[in-house]
Engineer: 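Structure below; questions to follow.
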Amino acid sequence: MKLKDFSEDELKARQSELKAVHDQFKDARLSLDLTRGKPSAEQLDLSNDLDGILGGFFLLQDGTDVRNYGGILGIPEARQLGADVLSLQPSQVMVGGNSSLALMYNLIAHMNPVWQGQAQELNSKVKFICLVPGYDRHFTICESFDIEMINVSFLPSGPDMETIEELMVRDPMIKGIWCVPKYSNPTGHSYDDNTVKRFAELGKLAGDNFRIMWDNAYVAHHLTDKPARLRDLMALAREAGTQDTVVMFASTSKITFAGAGVSFLGTSEKNLKAFEKFLVPQIIGFDKVNQLRHVRFLKDLGNLAAHMHKHRTLLHPKFEMVQDKLQTAVGGKEIAEWTSPDGGYFISLDTLPGIASVVVELAASAGVKLTPAGATYPYGLDPENKNIRVAPTYPSLEDLEKALDVFVVCLELASLNHLLAQ
Ligand SMILES: Cc1ncc(COP(=O)(O)O)c(C=O)c1O
């Protein structure tokens, strides 16, 4: 039954009941953490064979010794793997170090002087479209380059393409857009065929040097038997003549070791050449030994899919448990809406407007850390103060269950307090 249909007396009685439970949680001095979008130790264990896999053999087929300097674009075998993951040609892919985020940062550092020059000419500012709720570290990169961020919402079908297109037509200083096209962080959206097609056309509406930051961080991270299928953006962009607007990213952070994987950047050959030139002063080459380890371990797409199935076996019960707890405790009360993703690392939950930060505070006081309210929005500002990102992957199933028990109490208590104060 909807909470707002209860009488005031009934609501007050429920409020007292929940306050008492919350006090009990406080006394229990819990210390649980739902903030981290990290793989658990069991997931990391799935890739322990990376250790020692080279068995002292460091030569590539072409005779290159991977222990030595050189090869800034990565070893050919790893470029092939990256190309398979991103559905590109190896000539369009470079392999970086352990962080795709670092490649994203560098790509923007590379483009920014050109963008800022144009901003000066037009007496304007460089701007990026940010799909919200989204990934906070994308937004932090923009902030660090003084790039103004414009929020665009998701519709149930995916990004609000009409608004994006209107903005692009109106403002040539929109130089980029952040996207997580499959199992988006945190909403779980996967872009449908028509959306990807419209992304491919954006370059025709944009000013010079526009870039689609296509962060496919969860490309292989399915939670069901029906993996989301993403249309080939680069092929569509080639048809539209906009291939230079496309820059794709992925990494093995949540496939092998989050802190010791390899990353991929894919773009047109022309863009890749320019980006390589930008990188030359800062690095002679990334860690090729680790690239070779990853190629030996992951082998090909078929083997990678089998490996990801092992992750899924560990993750599925956690995601299912969160759904069950939320449904049992607050389902039908009309105080929250949440996603039920088919892949990725997060569940995105919207509270009643104005109370996400209160829920986070209540949970913190009962020993459960949640991602700060607002973190999923540029500048940390959720205009409706309603989005909370739940990250179920890292804690054990037992800890996750305890954390959810606290969370649902905080969610209902904050909602009741809010309704009773109106
Ligand atoms: C959408 C997205 N992109 C990138 C990253 C980080 O990737 P990497 O470890 O390759 O820097 C994350 C990590 O949570 C993410 O959610």
Side-chain angles (χ1 to χ4, degrees), residues 72 92 94 96 99-132 134-153 159-180 198-215 233-234 237 240-249 265-283 374-383:
I72 195 166
Q92 297 172 314
M94 70 165 288
S99 166
S100 59
L101 203 66
L103 292 176
M104 296 173 217
Y105 179 94
N106 267 309
L107 195 279
I108 289 187
H110 159 54
M111 297 302 297
N112 197 41
V114 179
W115 293 336
Q116 294 295 349
Q118 204 186 341
Q120 240 172 17
E121 266 172 38
L122 297 180
N123 199 19
S124 181
K125 283 204 76 171
V126 179
K127 293 166 206 137
F128 255 59
I129 293 176
C130 297
L131 295 162
V132 290
Y135 178 40
D136 54 346
R137 287 178 182 271
H138 287 162
F139 308 149
T140 311
I141 293 178
C142 278
E143 256 190 291
S144 77
F145 286 103
D146 196 24
I147 293 173
E148 193 175 304
M149 291 176 272
I150 304 170
N151 294 358
V152 173
S153 303
D160 178 353
M161 295 309 294
E162 211 166 299
T163 302
I164 293 170
E165 288 156 358
E166 274 170 25
L167 285 164
M168 304 280 311
V169 168
R170 257 191 278 140
D171 192 346
M173 282 317 300
I174 294 176
K175 293 301 174 197
I177 178 165
W178 289 110
C179 311
V180 184
R198 287 168 83 168
F199 265 98
E201 303 282 330
L202 283 184
K204 293 183 182 169
L205 310 177
D208 296 340
N209 301 304
F210 171 71
R211 293 291 181 268
I212 299 169
M213 303 291 281
W214 197 251
D215 179 1
L233 175 64
M234 187 56 102
T242 58
Q243 62 269 36
D244 291 340
T245 64
V246 176
V247 194
M248 298 180 166
F249 303 89
L265 177 148
T267 187
S268 67
E269 279 97 348
K270 177 176 158 220
N271 281 354
L272 197 57
K273 208 172 239 165
F275 185 56
E276 180 183 355
K277 213 165 150 193
F278 170 80
L279 286 178
V280 162
Q282 59 171 290
I283 191 157
T376 51
Y377 281 75
Y379 313 105
L381 293 175
D382 173 355

Engineer: Is the number of heavy atoms from other residues, nucleotides or ligands under 6.0 Å of K273 NZ greater than 12?
Structural biologist: no

Engineer: Before giving the answer on side chain to side chain contact (heavy atoms under 4.5 Å, CB included), spell out for E162 and R198 the whole-Å C-alpha distance, their side-chain angles and the decisive distance to 0.1 Å.
Structural biologist: CA-CA 9 Å; E162 211 166 299; R198 287 168 83 168; 4.2 Å; yes

Engineer: What's the separation between atom CD in E276 and atom CG in L265, rounded to the nearest 0.5 Å?
Structural biologist: 11.5 Å

Engineer: Going by distance alone, is a donor N or O of one side chain under 3.5 Å from an acceptor N or O of the other, for Q282 and N106?
Structural biologist: yes

Engineer: Roughly how far, to the nearest 0.5 Å, is NZ of K127 from CG of D171?
Structural biologist: 3.5 Å

Engineer: Looking at the rings of F139 and F128, which for Trp means the six-membered one, are their centres under 6.0 Å apart?
Structural biologist: no

Engineer: Looking at every non-hydrogen atom in both residues, tell me the closest pair between M234 and S268 and how far apart they are.
Structural biologist: CE-N, 3.8 Å

Engineer: Please report the closest heavy-atom contact between P172 and L122, naming both atoms and the distance.
Structural biologist: CG-CD1, 4.4 Å

Engineer: Which heavy atom of S153 sits nearest a heavy atom of L131, and at what distance?
Structural biologist: O-CD2, 4.4 Å

Engineer: Would K125 and D146 satisfy side chain to side chain contact (heavy atoms under 4.5 Å, CB included), going step by step from the backbone distance to the final call?
Structural biologist: CA-CA 9 Å; K125 283 204 76 171; D146 196 24; 3.3 Å; yes

Engineer: Can you tell me how far apart CG (L381) and CE (M149) are? Round to the nearest 0.5 Å.
Structural biologist: 9.5 Å

Engineer: Could you label the plane-to-plane angle of the H138 and Y135 rings as parallel, tilted or perpendicular, counting under 30° as parallel and over 60° as perpendicular?
Structural biologist: perpendicular

Engineer: Checking W115 side chain against N209 main chain: does a donor-acceptor pair fall under 3.5 Å?
Structural biologist: yes

Engineer: Tell me if the CD atom of E166 is crowded by more than 12 foreign heavy atoms within 6.0 Å.
Structural biologist: yes

Engineer: Give, for atom CD1 of I129 and atom CG of L167, the distance between the pair rounded to the nearest 0.5 Å.
Structural biologist: 5.0 Å

Engineer: How many angstroms lie between atom CG of N271 and atom CD of Q92, to the nearest 0.5 angstrom?
Structural biologist: 10.0 Å

Engineer: For the residue pair T242 and G203, what are the closest heavy atoms and their distance?
Structural biologist: CG2-CA, 3.9 Å

Engineer: Determine whether the aromatic ring centres of residues W214 and F199 are separated by less than 6.0 angstrom.
Structural biologist: yes

Engineer: Drop me the distance from I164's CD1 to M168's CE, to the nearest 0.5 angstrom.
Structural biologist: 9.0 Å

Engineer: Between R211 (side chain) and D244 (backbone), is there a donor-acceptor pair under 3.5 Å?
Structural biologist: yes

Engineer: Identify the heavy atoms of V132 and P378 that sit nearest to each other, and give their distance.
Structural biologist: CG1-CD, 3.5 Å

Engineer: Mind listing the closest non-hydrogen atom pair of V246 and T267 along with its distance?
Structural biologist: O-OG1, 2.8 Å

